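Values in this document were obtained by computation on a predicted structure and should not be read as measured data. All chains are named by letter (A, B, ...) in the order of the sequence lines, taking the proteins before the strands, and each is independently numbered beginning at 1.
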Amino acid sequence: MATMECKIVTLGEGRVGKTSLALKYVKNEFHKDEISTVNANYLTKLVQIPQGSVQLNIWDTAGQERFRAIASNYYRQAKGALIVYDITDRKSFDKVVSWIKELKSQAEKNIVIVVAGNKCDMEKERQINRPEALEFCRKMQIRHFDTSAKSGNGVEEMFMELASQIFEANKGELGQSGRNSRRGKITVEKTKHRENSGKKGGCC
Amino acid sequence: MEGLISQIIETKMLLAQTEEQCEKKTHLLKDICEKVATSETKISDLSREIKSLLKSINELIIEKNSYRDELEQNTINNHHGHSSSPYPIESLIQVPSPKGQKNKENKDQFRSLDQFLEIQPEINGIDIWTNLLCEADSPQVFKKMKKLSRRGIPTKIRGELWTRVIGNDLFITPKLFASLLKTSQNANKTEKEVNGTLLIPMDLKRTLSNLQVFQEKQPLHSSLSDLLQAFAAYRPDIGYVQGMAYLGAIFVLHQNTYSAFTSFSNLIFKSHMLKSFYSFDLPIMQEYYKVFEHYMKKKVPGVLKKFKDLDITPDMFLLEWVYTLFSRCFEIEYVSRIMSLFILSDDAFIIRFGLAILIFLSKKLVDENMDAVATTINNMVTHLEYSQISRISEKIKIKLADVNKLRIMLA
């Protein structure tokens with residue numbers, strides 16, 4: 001079966017939970033005080049979707065504004081981007097807007113973007129009301145997910161959606177030989193079962 | 001009331017003047033530093049000029065801060081008629097007591113920490129080191145220290161050694177430190193956001209959390225926080241950068257807050273690599289990445305090829321190594337050793353040590369699949385063996401001059 005290999009990045013303000021979301025998804029782990037990301041982390045997971053399988057190579061970037069200058073190193077040639085904000089922090093939502101703008105002008109044309117309103121387990125402290133966020137994303141034609149890296153709510157669905165949108169957007173390349181391009185390469189190989197990553201396979 | 005208002009106006013004027021002066025001198029300093037690189041003027045003349053400029057800038061910073069405080073104070077008095085207590089300098093600087101006789105309270109508090117840091121019996125003997133330190137300026141002694149340091153440095157001596165070797169070319173004084181701390185405490189939220197210090201409390205929670213000393217209410221929390229805050233006030237153009245907490249932590253573990261701040265700041269400006277990386281000087285960072293890649297091609301071609309296949313470029317790990325001086329790759333006891341080695345060497349050390357890590361991991365990195373490579377890169381701490389890596393790095397003959405030559409050549 002064909003496996004599509006693709007690079008995705010997590011973007012968003014510092015401490016909104018980019019690393020936590022990625023870790024929850026890939027390893028089903030959650031740490032309350034996740035160590036701060038210096039530069040970026042790298043995680044990978046093979047996702048089975050109805051159409052085929054997608055190997056997500058996740059580059060989880062540092063959120064501090066200072067690192068923004070080097071973020072383009074990571075979203076270059078990325079097929080997908082996950083932009084995260086914290087529903088209890090207005091400012092982090094404002095950053096989403098600027099990230100989308102930057103990606104639309106700088107990243108690959110067909111990059112798939114999804115937005116996560118994270119920490120939805122802290123509903124009481126919510127600062128961004130849901131309709132506002134949904135309306136904004138609808139206008140941008142971007143899927144929005146309410147997630148909680150703590151409880152795991154919405155995490156699986158979001159990554160599945162990202163994977164299948166990426167698959168759809170790039171399936172044209174599947175037919176071609178595809179060997180020449182290093183990124184977003186398509187390899188025809190047996191669906192490998194990953195023995196060494198994680199105790200729990202999630203629900204796919 | 002009128003008197004107060006005119007006083008405020010006067011202070012504001014003085015503040016503006018001082019700020020202007022400060023800025024002017026800083027520009028002058030930058031010009032001179034450029035001159036050093038290009039012109040034929042006698043270096044000794046220029047360095048004298050730099051020294052005096054640095055000194056006067058430091059004084060101006062203190063003056064500026066005191067005006068700002070005065071203004072703040074006056075405004076507060078104006079509104080609430082209340083005045084905050086002055087910040088006692090003495091409390092900031094615990095003068096280290098001679099010959100390792102720490103004051104009792106401190107000793108109790110840090111006992112477990114000391115035990116933690118103590119990894120080798122003090123084979124070199126504190127006495128030998130104490131003697132060496134007295135003559136740290138002599139080149140021969142320096143060489144000897146370098147040699148001895150490979151076998152480890154007694155924990156008690158480390159802090160002192162670092163202070164001596166790093167020096168204080170920036171002419172930081174306790175007064176300047178106190179003034180910087182005060183400014184940082186008075187900073188408002190917007191300022192904190194701009195210089196990044198808003199993240200400090202959050203990051204301290206997650207810095208070396210297994211040591212349990214930097215978290216709130218733990219013994220070294222305020223020490224590390226003060227160091228980082230003061231640095232951001234000292235160099236707002238650099239501010240706080242995620243990763244700095246690790247570098248600061250290493251110093252705070254071995255020195256009192258003031259000495260740690262002095263060593264930390266001086267080291268950042270002494271090391272061209274640290275300085276350029278922390279100030280996000282992208283073209284220069286690029287030069288170092290290219291240099292590193294060049295050496296990877298020579299020493300670990302297989303790894304380089306693998307990384308290229310996986311789209312992993314040197315910046316993705318080198319940046320973290322520089323920022324934290326490998327402290328996320330090793331257990332804390334080794335991190336202090338790495339710091340000593342670095343301080344007694346130069347920027348080429350970072351290149352050598354980084355290459356040594358890749359050499360050590362090369363088999364693993366080349367043979368394994370994508371998943372395993374990813375886990376290895378993310379979680380170096382479980383894969384690396386300090387003693388082997390340091391041995392490998394000692395065998396790598398790359399000098400600072402080579403690195404600098406390459407930077408120009410590859411640019």
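For a residue to count as touching a neighbouring chain, one of its non-hydrogen atoms must lie under 4.5 Å from one of that chain's; by this rule A/Glu65 does not touch chain B. Looking at B/Val194, only its backbone comes within 4.5 Å of chain A, counting heavy atoms on both sides. Heavy atoms of B/Tyr246 lying under 4.5 Å from chain A belong exclusively to its side chain.
Neither side chain, B/Asp281 nor B/Ser276, offers a donor N or O lying under 3.5 Å from an acceptor on the other.
A salt bridge links A/Glu132 with A/Arg90: the distance from a Lys NZ or Arg NE/NH1/NH2 to an Asp or Glu carboxylate oxygen falls below 4.0 Å. The residues A/Lys18 and A/Asp60 are annotated as not salt-bridged, no charged nitrogen and carboxylate oxygen being separated by less than 4.0 angstrom. No salt bridge links A/Arg15 with A/Asp86; every basic N to acidic carboxylate O contact stays at or beyond 4.0 Å.
Between chain B and the options A/Lys91, A/Gln64, A/His31, the largest number of non-hydrogen pairs under 4.5 Å is found for A/Gln64. When the candidates B/Met202, B/Met316, B/Lys205, B/Glu193 are compared by the number of heavy-atom contacts under 4.5 Å with chain A, B/Met316 comes out ahead. Per-residue heavy-atom pair counts under 4.5 Å with chain A were compared for B/Val373, B/Ile377, B/Leu199, B/Leu282, and the maximum is reached by B/Leu199. Among B/Val241, B/Asp203, B/Leu198, the residue making the largest number of heavy-atom pairs under 4.5 Å with chain A is B/Val241.
In this structure, B/Tyr278 and B/Tyr323 have parallel ring planes: the angle between them is below the 30° cut-off, well short of the 60° mark. Taking the six-membered ring where tryptophan is involved, the planes of B/Phe330 and B/Tyr386 are perpendicular, since the angle between them exceeds 60° and thus also 30°.
Taking 4.5 Å as the heavy-atom cut-off, the residues of residues 67-74 of chain A that approach chain B are A/Phe67, A/Ala69, A/Ile70, A/Asn73, A/Tyr74, ordered by number. At a heavy-atom cut-off of under 4.5 Å, chain B is reached by no residue from residues 94-108 of chain A.
In this structure, A/Arg66 forms no cation-pi arrangement with B/Phe280, as its terminal cationic atom is not both closer than 6.0 Å to the ring centre and no more than 45° off the ring axis.
At least one side-chain heavy atom of B/Tyr288 sits under 4.5 Å from a side-chain heavy atom of B/Asp347. Proximity of A/Thr61 to A/Tyr75: side-chain heavy atoms (C-beta onward) are nowhere separated by under 4.5 Å.
Scanning both residues, B/Glu191 and B/Ala187, for their nearest heavy atoms gives OE1-CA, 3.2 Å.
Annotation for B/Lys275: atom NZ does not count as buried by contact number, only 12 or fewer foreign heavy atoms lying within 6.0 Å.
To the nearest 0.5 Å, atoms CG (B/Asp315) and CD (B/Glu320) are separated by 12.0 Å.
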>> Show, in sequence, the C-alpha distance, side-chain angles and deciding distance for A/Glu123 and A/Arg126, and conclude whether the salt bridge (Lys or Arg N to Asp or Glu O under 4.0 Å) test is met.
In response: CA-CA 5 Å; A/Glu123 193 60 41; A/Arg126 186 184 265 283; 2.6 Å; yes
